Amino acid sequence: QVHLVESGGDLVQPGGSLRLSCVVSGFTLKHYAVGWFRQAPGKEREGVSVIRTLDGTIYYADSVKGRFTISRDNAKMTVDLQMNSLKPEDTAVYYCAIGVDRYFSTSYYYLKPGAYDYWGQGTQVTVSS
């Protein structure tokens with residue numbers, strides 16, 4: 001059984017930093033995509049950043065490029081998201097997700113929630129002064 005557990009969400013001031021962590025267990029496929037998504041109140045869930053294990057390719061949403069960094073520890077089966085220069089519009093519940101790599105031709109599909117099979121319960125990030 002696959003489990004994903006997120007941690008690290010908190011209340012932070014604009015311009016601040018947070019590090020989210022996701023621990024994955026029970027997922028045994030060699031080639032997969034894993035990453036972070038978020039959902040703000042009244043909005044659809046959106047992709048933030050994803051990493052593919054096939055070749056280490058990383059994708060970021062345009063809104064977080066240059067501010068967020070995703071990393072993976074294969075031995076520990078963890079995926080972290082370092083978030084810097086946080087803005088109020090980054091406020092959302094952040095979810096970790098994993099799924100089989102479907103070898104999409106563009107990043108657009110890898111950042112779509114529908115491409116992922118398993119999800120964590122989410123962790124709240126609030127950016128406010």
Side-chain angles (χ1 to χ4, degrees):
Q1 194 169 3
V2 180
H3 288 287
L4 296 89
V5 180
E6 304 99 333
S7 62
D10 206 345
L11 170 65
V12 63
Q13 291 188 346
S17 297
L18 276 179
R19 188 176 185 88
L20 305 183
S21 185
C22 173
V23 180
V24 181
S25 61
F27 195 87
T28 58
L29 295 182
K30 182 178 180 180
H31 293 155
Y32 57 89
V34 61
W36 291 90
F37 295 75
R38 67 186 181 186
Q39 188 165 16
K43 294 188 176 182
E44 292 186 354
R45 192 170 298 188
E46 63 177 2
V48 175
S49 182
V50 169
I51 186 167
R52 297 173 63 194
T53 62
L54 175 66
D55 55 9
T57 301
I58 292 173
Y59 302 114
Y60 292 101
D62 288 343
S63 59
V64 306
K65 282 181 181 177
R67 301 188 298 123
F68 291 10
T69 303
I70 191 171
S71 60
R72 181 177 70 94
D73 186 322
N74 190 46
K76 296 180 180 179
M77 283 299 286
T78 60
V79 182
D80 290 354
L81 185 69
Q82 177 66 41
M83 305 186 295
N84 299 327
S85 303
L86 283 162
K87 305 175 181 180
E89 51 264 43
D90 294 319
T91 296
V93 178
Y94 282 70
Y95 298 90
C96 182
I98 193 169
V100 62
D101 193 326
R102 291 171 168 82
Y103 307 106
F104 296 125
S105 58
T106 70
S107 62
Y108 174 83
Y109 297 103
Y110 280 102
L111 291 171
K112 285 294 186 181
Y116 295 83
D117 306 299
Y118 302 96
W119 293 82
Q121 81 289 349
T123 185
Q124 177 70 47
V125 172
T126 303
V127 184
S128 176
S129 55

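It should be emphasised that the depicted structure is a prediction, and the values quoted were computed from it without experimental measurement.
- Residues Arg19 and Ser71 come closest through the heavy atom pair NH2-OG, 3.6 Å.
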Side chain to side chain donor-acceptor pair (under 3.5 Å), that's the test. Do Asn84 and Gln82 meet it? Break it down for me. CA-CA 7 Å; Asn84 299 327; Gln82 177 66 41; 2.9 Å; yes
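- Separation of atoms CE (Met77) and CG (Leu4) is listed at 8.5 Å; rounding is to 0.5 Å.
- With hydrophobic clusters built from ILVMFWY side chains whose heavy atoms lie under 4.5 angstrom apart, Tyr95 does not share a cluster with Trp36.
- Judged purely by atom type and a 3.5 angstrom limit, Glu6 uses its side chain to pair as donor or acceptor with the backbone of Gln121.
- Formation of a donor-acceptor pair under 3.5 Å by the Thr78 side chain with backbone atoms of Val23 is not found in this model.
- The minimum heavy-atom distance linking Pro14 with Ser129 is given by the pair CD-N, 3.7 Å.
- Exactly one of Phe27, Tyr116, Tyr118 qualifies for a ring-ring contact (aromatic ring centres under 6.0 Å, His included) with Tyr32. That residue is Phe27.
- At a threshold of 4.5 Å between non-hydrogen side-chain atoms, the residues Tyr103 and Leu54 count as touching.
- Cluster membership check: Met83 shares its hydrophobic cluster with Val79, using side-chain heavy-atom separations under 4.5 Å among Ile, Leu, Val, Met, Phe, Trp and Tyr.
- The shortest heavy-atom contact between Thr91 and Val127 is OG1-N, 2.9 Å.
- Cluster membership check: Val100 shares its hydrophobic cluster with Val2, using side-chain heavy-atom separations under 4.5 Å among Ile, Leu, Val, Met, Phe, Trp and Tyr.
- Heavy atoms from other residues, nucleotides or ligands lying under 6.0 Å from CD of Glu44 number 12 at most.
- Between Thr57 and Tyr59 the shortest side-chain heavy-atom distance falls below 4.5 Å.
- Taken to the nearest 0.5 Å, the CG atom of Leu81 stands 7.5 Å off from the OH atom of Tyr94.
- Side chains of Ile51 and Val34 form a contact here, defined as non-hydrogen atoms less than 4.5 Å apart.
- To the nearest 0.5 angstrom, Phe68 atom CZ is 8.0 Å from Leu20 atom CG.
- Counting heavy atoms from C-beta outward, Thr69 and Tyr60 have side chains that approach closer than 4.5 Å.
- Side-chain contact between Trp119 and Arg45: present, with at least one pair of heavy atoms (C-beta onward) separated by less than 4.5 Å.
- Ionic pairing of Lys87 and Asp90 is not present here: no N-O contact between side-chain nitrogen and carboxylate oxygen is shorter than 4.0 angstrom.
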Step by step, work out the side chain to side chain contact (heavy atoms under 4.5 Å, CB included) result for Val50 and Ile70. CA-CA 7 Å; Val50 169; Ile70 191 171; 5.6 Å; no
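- Side-chain contact between Leu11 and Ser128 is present, with heavy atoms from C-beta onward closer than 4.5 Å.
- Rounding to the nearest 0.5 Å gives a distance of 9.5 Å between SG of Cys96 and CG of Asp80.
- Residues Thr53 and Arg72 have side chains in contact (heavy-atom distance under 4.5 Å, counting atoms from C-beta outward).
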Worked check of side chain to side chain contact (heavy atoms under 4.5 Å, CB included) between Leu86 and Gln13: CA-CA 8 Å; Leu86 283 162; Gln13 291 188 346; over 6 Å; no
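- Both Phe104 and Leu111 are part of a single hydrophobic cluster, where members link through side-chain heavy atoms under 4.5 Å apart.
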Show, in sequence, the C-alpha distance, side-chain angles and deciding distance for Arg38 and Ser63, and conclude whether the side chain to side chain contact (heavy atoms under 4.5 Å, CB included) test is met. CA-CA 12 Å; Arg38 67 186 181 186; Ser63 59; 3.4 Å; yes
Determine, stepwise, if the pair Ser7 / Thr123 fulfils side chain to side chain contact (heavy atoms under 4.5 Å, CB included). CA-CA 6 Å; Ser7 62; Thr123 185; 5.8 Å; no
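- Tyr110 and Arg52 share a side-chain donor-acceptor pair at under 3.5 Å.
- Placement of Ile58 and Val24 within a single hydrophobic cluster is found when ILVMFWY residues are connected by side-chain heavy-atom separations under 4.5 Å, directly or transitively.
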